[in-house]
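This report refers to the structure that appears directly beneath it.
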Amino acid sequence: MLDLKFIRKNLDVVREALTRRRAKVDVDAFSVLDERRRELITETEALKAERNTVSKDVGLRKKAGEDAADLVARMGEVGERIKALDEELRLVDEQVNDWLVSVPNIPHSSVQDGRDDSDNAEVFRWGKAPEFDFDPKEHWELGTALGGLDFERGAKLAGSRFVVYRGWAARLERALASFMLDVQTTEHGYLEIMPPVIVNRETMTATGQLPKFEADLFKLEGTDYYLIPTAEVPVTNLHRDETLPEDDLPLKYTAWTPCFRSEAGSYGKDTKGLIRMHQFQKVEMVRFEKPENSYAALEEMREHAETILKRLGLHYRVVNLCTGDLGFSATKTYDLEVWLPGQDKFREISSCSNCEDFQARRGGIRFKRKGEKKTELVHTLNGSGLAVGRTLVAVLENYQQADGSVVIPEALRPYMGGLEILTPE
RNA sequence: GGAGAGGUAGCGAAGUCCGGCCGUAACGCGCUCGACUCGAAAUCGAGUUAUGGGUUCAUAGCCCAUACGUGGGUUCGAAUCCCACCCUCUCCGCCA
């Protein structure tokens with residue numbers, strides 16, 4: 001959510017930002033509502049001030065044994081008027097709020113204009129694509145042949161876009177998650193969190209999933225509960241409606257959770273394999289930063305995500321998402337795309353975003369500087385470190401051998417009981 | 001799920017029966033500043049909620065409004081009376 005006062009004073013900036021994002025929002029409608037809102041506030045507050053003083057007089061007169069019927073009668077009318085105006089204000093407030101929560105964040109100046117992911121800017125590449133003297137297979141072939149991935153039974157148990165991990169695959173998934181968590185907690189100073197993976201409407205609203213993107217979520221029927229699409233949601237909400245002491249910042253959290261996405265509107269995309277599941281696991285990083293530090297923090301967090309890919313020896317590239325591809329809450333996002341030889345392309349494996357104060361404003365996440373009276377909104381950031389299922393995909397495809405076996409990257413071996421290679425029976 | 005108790009500032013807690021200078025909210029703790037001290041402790045003094053609107057260059061000051069778990073209701077006036085809901089704690093039941 002953007003700041004009301006900021007929008008009021010910078011209508012052109014907002015209009016331009018929304019155009020860059022290809023977002024269709026009526027800025028003029030806001031001006032009309034905002035003006036009416038302030039008129040109503042001024043009017044009702046004046047009446048309330050009158051009522052407060054006169055009501056005190058009533059009390060004093062009664063105490064003195066005097067008659068106050070005239071004042072009571074007059075305030076009765078004022079009360080009616082206040083009631084009517086309050087009701088109108090409530091409606092206008094609601095409209096202003098509906099408008100505000102549907103407006104995406106303003107892109108950072110370093111984000112380039114563009115329509116969709118084809119306009120994203122490649123920042124750099126790391127490593128080299130492995131070379132094969134045979135035709136590299138896609139991960140579902142490898143994983144199924146090695147007996148680790150069972151898509152048929154996943155479909156039987158739940159439906160399409162669900163999978164069953166068996167044996168080495170289950171262990172490899174767990175190994176990857178442990179490895180990622182260990183790196184982020186012991187080397188990069190993140191505090192590990194295990195949050196609820198079911199949250200309420202308020203929580204989903206603060207991080208920006210609701211009200212606009214309800215269709216992307218799984219909701220538990222007959223309740224106010226939603227399954228989280230990412231740990232960003234519960235972890236960012238950890239400090240909702242809190243004012244943090246300056247010394248607590250920055251706060252750095254990491255969480256390994258299942259994530260649930262309905263994938264509405266992605267029919268026909270990535271129907272095979274692990275790339276696009278209704279349920280998958282992710283290790284997420286979330287940071288609460290002072291405004292002046294948030295962009296440096298974004299670079300640092302991106303590097304923390306990259307560390308995992310480097311240690312696994314996976315070729316990847318970093319892209320700076322263009323305005324049209326940016327998420328709703330983000331001002332700037334780096335995607336890490338890992339090389340998949342089986343698919344012969346780069347695929348997203350991490351997304352690191354700065355949301356500045358957009359989520360903090362929705363969620364009331366503040367901090368107070370030492371010696372200052374006023375509170376300020378923190379900046380929130382989140383990044384995958386990494387998507388675990390997709391990392392397993394990358395390991396399979398990049399470390400495959402001609403005979404269908406897969407070498408376990410060095411960094412994972414301690415987590416796999418020393419296992420060095422996965423071989424077909 | 002059943003019974004009971006409770007939700008007031010950063011924390012603890014008074015006020016609720018009997019509505020009215022009790023919300024810049026008693027009292028205690030913590031925190032900040034100052035005094036005392038070589039320094040510290042102790043002691044003494046002062047300060048210490050947030051949001052919205054107006055004014056303003058100002059997110060400085062000042063004025064006003066709102067908020068006593070949340071949402072309604074009664075009333076000239078609600079922390080206080082009435083209704084619904086949420087959460088926490090204790091006991092019981094169930095349970096990994």
Side-chain angles (χ1 to χ4, degrees), chain A residues 1-10 30-31 33-97 99-101 194 196-206 220 222-226 234 237-249 251 290-292 294 356-358 360-379:
Chain A
M1 190 160 68
L2 301 176
D3 179 29
L4 202 65
K5 288 176 190 165
F6 173 83
I7 300 173
R8 192 180 293 153
K9 287 181 185 164
N10 301 280
F30 165 80
S31 297
L33 286 170
D34 177 53
E35 204 159 306
R36 181 65 188 142
R37 172 171 173 270
R38 283 184 293 157
E39 275 171 21
L40 286 167
I41 287 172
T42 308
E43 205 176 339
T44 69
E45 286 190 353
L47 289 172
K48 282 177 183 172
E50 184 188 357
R51 182 175 68 183
N52 286 345
T53 53
V54 175
S55 289
K56 266 181 196 163
D57 285 346
V58 172
L60 291 174
R61 279 207 205 174
K62 287 201 169 173
K63 218 169 244 176
E66 293 169 23
D67 180 56
D70 55 326
L71 296 183
V72 170
R74 215 176 86 216
M75 285 309 101
E77 283 169 34
V78 169
E80 291 303 311
R81 182 97 184 100
I82 289 173
K83 217 176 191 178
L85 288 172
D86 268 348
E87 175 60 15
E88 194 182 342
L89 179 59
R90 196 185 60 79
L91 291 173
V92 172
D93 253 340
E94 208 174 273
Q95 289 176 58
V96 170
N97 198 53
W99 188 88
L100 276 176
V101 296
M194 273 200 193
V197 299
I198 298 175
V199 300
N200 60 31
R201 164 162 282 270
E202 256 187 298
T203 298
M204 280 294 183
T205 305
L220 299 187
T223 70
D224 189 36
Y225 289 141
Y226 296 83
N237 273 276
L238 239 30
H239 297 293
R240 176 151 53 84
D241 292 322
E242 290 182 18
T243 301
L244 304 160
E246 179 178 19
D247 288 347
D248 282 9
L249 298 176
L251 284 165
K290 288 196 246 180
E292 62 269 30
S294 70
E356 293 196 11
D357 61 12
F358 188 86
R361 184 171 297 106
R362 288 177 160 229
I365 311 170
R366 306 184 155 83
F367 76 102
K368 190 178 268 184
R369 291 185 200 270
K370 269 195 176 150
E372 290 290 324
K373 241 187 136 177
K374 289 285 171 191
T375 57
E376 290 174 58
L377 295 166
V378 302
H379 282 192

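So that the names make sense, note that chain A is the first sequence line, chain B the second, and so on, each numbered from 1.
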Between U24(B) and U48(B), how far is it from one P atom to the other, in whole Å?
12 Å
Nearest-Å distance once atom C1' is located in both A65(B) and A5(B): 35 Å
Salt bridge or not between Lys83(A) and Glu80(A)? Use side-chain N to carboxylate O under 4.0 Å. no
- Query: Salt bridge or not for Arg90(A) and Glu94(A), using N-O below 4.0 Å?
  - Reply: yes
Between Leu377(A) and Pro291(A) the two heavy atoms that sit nearest each other are O-CG, 3.9 Å
In whole angstroms, the gap separating P of G71(B) from CG of Asp86(A) amounts to 13 Å
Here the pair of heavy atoms bringing Ala206(A) nearest to Asn237(A) is CB-OD1, 3.4 Å
In whole angstroms, the gap separating C1' of C76(B) from CG of Asp67(A) amounts to 12 Å
Contacts satisfying side-chain hydrogen bond (donor to acceptor under 3.5 Å, both in side chains) that involve residues 51-63 of chain A (not counting sequence neighbours) are Arg61(A)-Asp70(A)
For Phe6(A), the side-chain contact (heavy atoms from CB on, under 4.5 Å) test, sequence neighbours excluded, returns Asp3(A), Asn10(A), Val13(A), Val14(A), Ile106(A)
- Query: When you compare A35(B) with U56(B), how far apart are their P atoms, in angstrom units rounded to a whole number?
  - Reply: 40 Å
Heavy-atom nearest nucleotide on RNA chain B taken for Ala46(A) and for Leu71(A); more 5' hit belongs to Ala46(A)
Leu47(A) atom CG is separated from G77(B) atom P, nearest whole Å, by 13 Å
Taken to the nearest whole Å, CD1/Ile82(A) to P/U75(B) is 14 Å
Here the distance between atom C1' of U66(B) and atom NZ of Lys83(A), to the nearest Å, is 18 Å
Sequence neighbours excluded, the answer for salt bridge (Lys or Arg N to Asp or Glu O under 4.0 Å) partners of Arg369(A) is Glu292(A), Glu376(A)
* Under 4.0 Å: is that the gap between some side-chain N or O of Arg74(A) and OP1 or OP2 of C76(B)? -> no
Determine the interatomic distance between P on A84(B) and the same-named atom on C89(B); round to the nearest Å. 24 Å
Any donor-acceptor pair under 3.5 Å from Arg361(A) side chain to Met1(A) backbone | yes
Heavy-atom closest pair (Arg74(A) atom, Val54(A) atom, distance to 0.1 Å) is NH2-CG2, 4.0 Å
note: Arg90(A), atom CZ; U66(B), atom C1'; distance rounded to Å ~ 17 Å
Say we look at U75(B) and A13(B): how far apart would their P atoms be, to the nearest angstrom? 36 Å
Next item on the list: Could you give the distance separating U32(B) and G53(B) at their C1' atoms, to the nearest angstrom?
Entry: 30 Å
When rounded to whole Å, the CZ to C1' distance for the pair Phe367(A) and G10(B) reads 18 Å
Checklist line | OP1 or OP2 of A65(B) under 4.0 Å from side-chain N/O of Asn52(A) | finding: yes
Suppose you measure atom C1' in C27(B) against the same atom in G1(B); what distance do you get, rounded to whole Å? 41 Å
Check: Mind checking the C1' distance from G77(B) to C81(B)? Whole angstroms is fine.
Finding: 13 Å
Where RNA chain B forms runs of at least three Watson-Crick or G-U pairs (i with j, i+1 with j-1, under 3.5 Å), the stems are B:1-7 with B:86-92, B:10-12 with B:27-29, B:30-35 with B:43-48, B:49-55 with B:61-67, B:69-73 with B:81-85
Smallest heavy-atom separation, Leu220(A) atom then Thr223(A) atom, equals O-OG1, 2.7 Å
Salt bridge present between Glu45(A) and Lys48(A) (N-O < 4.0 angstrom)
no
Quick one: which protein N/O atoms are closer than 3.5 Å to N/O atoms of nucleotides 18-21 of chain B? Pair and distance per line, please.
from, atom 1, to, atom 2, distance (Å)
G20(B), N2, Ser55(A), O, 2.6

Glu50(A) atom CD is separated from C63(B) atom C1', nearest whole Å, by 17 Å
On a heavy-atom basis, the closest approach of Asn200(A) and Tyr226(A) is C-CD1, 4.3 Å
Requested in this report: Under the side-chain contact (heavy atoms from CB on, under 4.5 Å) rule, what do Gln95(A) and Arg36(A) come out as? Steps first, then yes or no, please.
Outcome: CA-CA 11 Å; Gln95(A) 289 176 58; Arg36(A) 181 65 188 142; over 6 Å; no
Please produce a list of atom pairs where a protein N or O lies less than 3.5 Å from an N or O of nucleotides 50-59 of chain B.
from, atom 1, to, atom 2, distance (Å)
A50(B), OP1, Lys368(A), NZ, 2.7
A50(B), OP1, Lys373(A), O, 3.4
U51(B), OP1, Arg366(A), NE, 3.4
U51(B), OP1, Thr375(A), OG1, 2.7
G52(B), N2, Glu45(A), OE1, 3.1
G52(B), N2, Glu45(A), OE2, 3.2
G53(B), OP1, Arg8(A), NH2, 3.4
G53(B), OP1, Arg37(A), NH1, 3.4
G54(B), OP1, Arg38(A), NH1, 3.2

